[in-house]
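Input: a single structure, listed below in structure tokens.
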There are 2 protein chains.
Amino acid sequence: MSAPSYPEAILISERTIGRLAQYRRILTELVRDNLETVHSHQLALRCGGSAAQVRRDLMVIGAEGSPNKGYKCAKLLASLAEFLTQPGTQKVALVGIGNLGRALLSYSHKQQPGLLIVAAFDIAPDKTNKVIDGCRCFHIDTLESVIKEQNIKVAIIAVPGEAAQLVADRLAIAGVRGIVNFAPAPLHLPPSVFVENIDVTMSLEKVVYFAAKGTQSERNKSA
Amino acid sequence: MSAPSYPEAILISERTIGRLAQYRRILTELVRDNLETVHSHQLALRCGGSAAQVRRDLMVIGAEGSPNKGYKCAKLLASLAEFLTQPGTQKVALVGIGNLGRALLSYSHKQQPGLLIVAAFDIAPDKTNKVIDGCRCFHIDTLESVIKEQNIKVAIIAVPGEAAQLVADRLAIAGVRGIVNFAPAPLHLPPSVFVENIDVTMSLEKVVYFAAKGTQSERNKSA
DNA sequence: GGATGTGAAAGTCTTCACAGCG
DNA sequence: CGCTGTGAAGACTTTCACATCC
């Protein structure tokens with residue numbers, strides 16, 4: 001009769017996971033600055049949410065803070081790191097070495113946390129078989145073999161909309177389980193593959209609308 | 001007693017506006033391909049939503065389709081264009097001419113709809129006083145004067161996180177009413193300024209989590 | 001028959017408010 | 001006291017289901 005391991009029965013919403021990732025980023029800074037403890041309202045201020053929201057989010061990972069002193073930064077950061085997958089642990093592939101792709105590569109190269117792009121693919125021969133920002137670039141024909149060889153489970157799609165579905169299908173078959181999709185087209189994939197869409201044009205149009213029309217108040221959903 | 005003009009009393013949610021922008025993009029393609037009519041379930045397939053969702057969204061702009069024939073593409077597109085602000089109408093400023101900024105500039109240059117960046121700013125002298133992808137680049141010192149002169153109401157922030165709040169404050173004072181923020185930091189601004197955050201790192205971490213852990217099904221929120 | 005338009009139900013997410021504790 | 005932890009309420013979104021019309 002060993003102690004039951006974390007049931008993990010309750011499944012956590014996408015929004016919550018996103019905010020937990022933010023909290024981790026903030027806590028990384030706090031720990032770097034040698035802060036001992038932090039209150040929920042302080043975290044709220046730094047991520048643009050409410051204190052109640054922060055407390056509820058931290059509840060789901062079983063974090064515990066003491067009244068009047070708040071949460072211990074180091075301990076909380078450790079809990080978050082254990083709960084979320086450690087950044088840099090997961091290798092990421094990038095498909096599409098255009099302007100956006102190169103911007104992501106330079107991020108990956110400089111940034112300290114997350115975003116460890118280990119392989120990039122493109123269809124244009126002049127972009128392949130070289131190293132950009134420390135990342136090896138391959139021709140798209142080798143996508144399946146490289147993905148399998150390196151056991152890559154996460155990919156970023158930064159190709160034109162017309163090519164996105166085809167790329168996504170190939171990624172899924174090669175074993176990728178999660179995709180960040182910058183193409184402005186929905187990907188139809190089996191539910192075993194998680195897809196996060198980032199549609200810059202749509203976001204811009206939203207902002208244009210609200211800038212011109214009604215004054216919606218600032219909301220921080222950061223997605 | 002004139003007929004009451006559209007009350008516009010009901011304010012429309014951010015999510016809905018985002019989807020309406022997607023519908024417009026899809027309809028632009030349909031009209032280009034000379035499609036006469038379209039059904040709600042066809043739109044749903046092409047944007048990754050449900051048919052009921054599409055119909056409800058179109059309800060808010062008072063679109064009308066006929067049973068069995070669906071919606072008239074051209075008419076619906078016109079309604080959407082009238083409702084959303086016409087793309088290209090609003091001039092957009094870009095702050096931060098790094099890799100991401102340049103990727104956005106090249107988009108702006110090539111893409112047909114939306115995204116008309118007319119001025120870019122940076123603090124580095126070697127990036128300013130030139131033209132990149134058809135967009136004039138200025139030193140950040142001239143931000144206020146250029147924004148006011150050109151009457152720009154929408155801006156994109158693509159600077160490092162530490163500088164984001166300062167830039168946002170200056171933009172708001174210069175008269176900007178809407179901001180797309182790529183910096184991973186919340187902007188604290190008066191509610192008269194609409195802010196849309198795009199946090200690429202956070203999205204990536206979400207995907208890493210769901211790729212590794214539980215299999216959440218694909219959801220298309222495209223934000 | 002097969003689609004739209006829409007009230008109502010169901011579901012999801014956020015905020016409130018307060019007990020309990022240091 | 002002020003803050004955490006959390007049930008309960010509230011607000012918002014999506015889906016259902018069906019009357020209605022071509």
Side-chain angles (χ1 to χ4, degrees), chain A residues 10-20 22-23 27 35-73 75-76 79-80 186 206 210 214 216-223, chain B residues 9-20 22-23 27 35-73 75-76 79-80 186 197 206 210 214 216-223:
Chain A
I10 324 104
L11 44 91
I12 295 141
S13 86
E14 223 177 296
R15 309 276 265 275
T16 302
I17 295 297
R19 284 188 301 259
L20 289 175
Q22 288 188 278
Y23 303 150
L27 279 164
L35 268 283
E36 275 292 322
T37 61
V38 65
H39 292 294
S40 58
H41 64 85
Q42 293 172 305
L43 280 174
L45 188 68
R46 297 194 55 151
C47 81
S50 73
Q53 181 81 79
V54 171
R55 291 203 302 276
R56 189 155 288 276
D57 289 338
L58 294 182
M59 220 179 81
V60 309
I61 66 161
E64 43 194 37
S66 70
N68 232 347
K69 290 204 301 179
Y71 301 89
K72 287 194 153 184
C73 292
K75 195 179 165 203
L76 186 52
S79 301
L80 282 166
K206 270 168 64 172
F210 286 112
Q216 200 94 335
S217 81
E218 170 197 9
R219 303 189 70 199
N220 285 69
K221 336 122 251 75
S222 297
Chain B
I10 324 102
L11 44 91
I12 295 142
S13 84
E14 223 177 297
R15 309 278 265 275
T16 302
I17 295 297
R19 284 188 301 260
L20 289 175
Q22 286 187 278
Y23 302 151
L27 280 164
L35 268 283
E36 275 292 322
T37 61
V38 65
H39 292 295
S40 58
H41 64 85
Q42 293 172 306
L43 279 174
L45 187 68
R46 298 194 53 152
C47 80
S50 73
Q53 181 81 79
V54 171
R55 292 203 300 276
R56 188 155 290 276
D57 288 338
L58 294 182
M59 220 180 80
V60 309
I61 65 161
E64 44 194 38
S66 70
N68 230 348
K69 290 206 298 180
Y71 301 89
K72 286 195 151 182
C73 293
K75 194 178 165 205
L76 187 52
S79 300
L80 283 166
N197 295 295
K206 269 168 65 173
F210 286 111
Q216 200 95 335
S217 80
E218 169 198 9
R219 302 189 70 198
N220 285 70
K221 338 123 251 70
S222 298

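Values below: every heavy atom of this structure, side chains too, minus hydrogens, waters and symmetry copies. Chain letters run A, B, ... following the sequence lines, proteins first, then strands; residues in each count from 1.
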Review point. Is the distance from OP1 or OP2 of D:dT15 to the nearest side-chain N or O of B:Gln53 less than 4.0 Å?
Key: yes

Revision key, fill the gap. Atom CD of A:Glu14 and atom C1' of C:dT14 are separated, to the nearest Å, by 17 Å

Check your understanding: For the side chain of B:Thr37 and the backbone of B:Lys69, is there at least one donor-acceptor N/O pair under 3.5 Å apart?
Key -> yes

**Study point:** Rounded distance in Å - CD1 (B:Ile12) to C1' (D:dA11)
**Key:** 18 Å

Check your understanding: According to the ring-ring contact (aromatic ring centres under 6.0 Å, His included) rule, which pairs have a member within residues 37-70 of chain B, sequence neighbours left out?
Key -> B:His39-B:His41

**Study point:** Touch class at under 4.0 angstrom, heavy-atom based, for B:Ser50 against every strand present
**Key:** sugar-phosphate

Check your understanding: Out of curiosity, B:Arg46 CZ to B:Gln22 CD, how far, rounded to the nearest 0.5 Å?
Key -> 12.0 Å

Practice item. Measure from CG on A:Leu11 to P on C:dT12 and round the result to the nearest Å. Key: 9 Å

Study note, to complete from the structure: Here the pair of heavy atoms bringing B:Asp57 nearest to B:Leu20 is O-CD2, 4.0 Å

Practice item. Looking only at non-hydrogen atoms, find the nearest pair between B:Ala51 and B:Ala44 and report the distance. Key: N-CB, 3.6 Å

Practice item. Over all heavy atoms of both residues, which pair between A:Tyr23 and A:Cys47 is shortest? Give the atoms and the distance, please. Key: CE2-SG, 3.6 Å

Study note, to complete from the structure: Protein heavy-atom contacts under 4.0 Å, written 5' to 3' over nucleotides 1-8 of chain D as B (base), S (sugar-phosphate only) or - (none), form the string -BBBBBBB

